[in-house]
Engineer: 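I have a structure here, written as structure tokens, and I will follow up with some questions on it.
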2 protein chains.
Amino acid sequence: MTSTEPVQRRTRQRAEIRDAVEASQAFATSQEIHDRLRHSGSTVGLATVYRALQAMAAGGEVDTIRTPDGQVAYRTCTPGHHHHLVCRGCGKTVEIDLPGLESQTRAIAREYGFAEIDHEVEFFGTCADCTAG
Amino acid sequence: MTSTEPVQRRTRQRAEIRDAVEASQAFATSQEIHDRLRHSGSTVGLATVYRALQAMAAGGEVDTIRTPDGQVAYRTCTPGHHHHLVCRGCGKTVEIDLPGLESQTRAIAREYGFAEIDHEVEFFGTCADCTAG
DNA sequence: ATCTTCATGACAATCATTCTCATCGCGTCC
DNA sequence: GGACGCGATGAGAATGATTGTCATGAAGAT
Ligand SMILES: [Zn+2]
Ligand SMILES: [Zn+2]
Ligand SMILES: [Zn+2]
Ligand SMILES: [Zn+2]
């Protein structure tokens, strides 16, 4: 199965988008990234941001979460599987490990005869700063 | 704090909607519930289904999940906190317990100074029937 | 430099969900 | 049983995130 996936071309826009995501500590939506780029003088189009972030997510270059209100947000994280604890107030994000969860997941799959199990595990809370406000 | 929440009135529509959700083993979206009701002769409106299901979810009468493609789906589950293992093919859902996750969540909250932690934990897979298919 | 092909951007189109508002009908109190 | 007040309903418009369209631009290979 020599994959015939099209090569990702290096363009000015993708570089800008990558930089913008990396500059953000918190998860950001395509629209937010687009706004920031526009405000800093870029002329990148919104659809391009959507496409680039999707591609980066598919390639594992960024992590994605779905915000409580349903929007997709992206973040450049540490390599390796992990989960997120996100502040509802300021978006501050902490990467967390859940030792045991992965094996527990495999056990569940076996028990119920499910295959190709994928898990969606995120935590939302209010950070100390935001609690103090 | 004697809550002044408006009383939920019993209407034909809400009864129909409740019955429709309870009749479904799998999670169903408002639109799906609406379609089923319409096909079985009901004249209930789509907005009403959206509103009723939201109210039922807020009241803890049904569980909600967000499907991988972003839609909100509802299901009448067993009382008590639990998570879900959902088949991507047929929607078959298994309620699962994750012993240790809740305490682990509290530990994480304490460690990072986050309060009011809420977790979003769902599993998606392919059930035996759908794998065989 | 040329050519092939993917990438881009402006804009239209989707589509789930929410809003508006005139009307209906529960629940309650005579 | 009948009248009332207010939440509930439904038809349709509106919203808003995301995706599709397509003519044009520009990587990357030759
Ligand atoms: Zn991450
Ligand atoms: Zn915060
Ligand atoms: Zn459930
Ligand atoms: Zn299945």
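What you are looking at is a predicted structure, and each value in this text was computed from that prediction instead of being measured. Per chain, numbering begins at 1; letters A, B, ... match sequence-line order. Hydrogens, waters and symmetry mates are skipped; everything else that's a heavy atom, side chains included, is used.
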Engineer: Taking atom types as modelled and ignoring hydrogens, do the side chains of B:Tyr50 and B:Gln31 form a donor-acceptor contact shorter than 3.5 angstrom?
Structural biologist: yes
Engineer: In whole Å, I'd like the distance from the CZ atom of B:Arg10 to the C1' atom of D:dT9.
Structural biologist: 18 Å
Engineer: Could you check B:Thr29 against B:Val72 for side-chain contact (heavy atoms from CB on, under 4.5 Å), going step by step and ending with a plain yes or no?
Structural biologist: CA-CA 6 Å; B:Thr29 65; B:Val72 177; over 6 Å; no
Engineer: Cut-off 3.5 Å, side chains only: do A:Thr76 and A:Glu22 have a donor facing an acceptor?
Structural biologist: no
Engineer: For A:Glu122, which residues count as a side chain to side chain donor-acceptor pair (under 3.5 Å) partner, sequence neighbours excluded?
Structural biologist: A:His84
Engineer: Counting distance only, does the side-chain N/O of A:Gln54 pair as donor-acceptor with the main-chain N or O of A:Arg51 below 3.5 Å?
Structural biologist: no
Engineer: Have A:His81 and A:Asp97 got a donor and an acceptor in their side chains that come within less than 3.5 Å?
Structural biologist: no
Engineer: State whether A:Thr11 places a side-chain N or O below 4.0 Å from either non-bridging phosphate oxygen (OP1 or OP2) of C:dT8.
Structural biologist: yes
Engineer: Is any side-chain nitrogen or oxygen of B:Tyr50 closer than 4.0 Å to OP1 or OP2 of C:dT18?
Structural biologist: no
Engineer: Taking OP1 and OP2 of D:dG10, is either one under 4.0 Å from a side-chain nitrogen or oxygen of B:Gln13?
Structural biologist: yes
Engineer: To the nearest Å, give me how far apart CZ (B:Arg18) and P (D:dA8) are.
Structural biologist: 13 Å
Engineer: Which sits closer to the 5' end of DNA chain D, B:Arg9 or B:Arg12, going by the nucleotide each is nearest to?
Structural biologist: B:Arg9
Engineer: Provide the closest heavy-atom pair for B:His83 versus B:Glu102 in the form atom of the first, atom of the second, distance.
Structural biologist: NE2-OE2, 3.6 Å
Engineer: Enumerate the residues from residues 69-76 of chain A whose closest heavy atom to DNA chain D is under 4.0 Å, giving them by residue number; use none for an empty result.
Structural biologist: A:Gln71, A:Val72
Engineer: Short of 4.0 Å, heavy atom to strand atom, which residues of residues 30-44 of chain A count as contacting DNA chain C?
Structural biologist: A:Arg38, A:Thr43, A:Val44
Engineer: Is any N or O donor-acceptor pair between the side chain of A:Arg51 and the base of C:dG9 shorter than 3.5 Å?
Structural biologist: yes
Engineer: Whole angstroms only, please: what is the CG-P distance between A:Leu53 and D:dA17?
Structural biologist: 15 Å
Engineer: Can you tell me if B:Arg38 has over 12 outside heavy atoms packed within less than 6.0 Å of its CZ?
Structural biologist: yes
Engineer: Figure out the CG/C1' separation between A:Leu46 and C:dA7, and round it to whole Å.
Structural biologist: 15 Å
Engineer: Can you spot which of A:Arg18, A:Gln13, A:Arg12 makes a side chain to side chain donor-acceptor pair (under 3.5 Å) with A:Glu16?
Structural biologist: A:Arg12
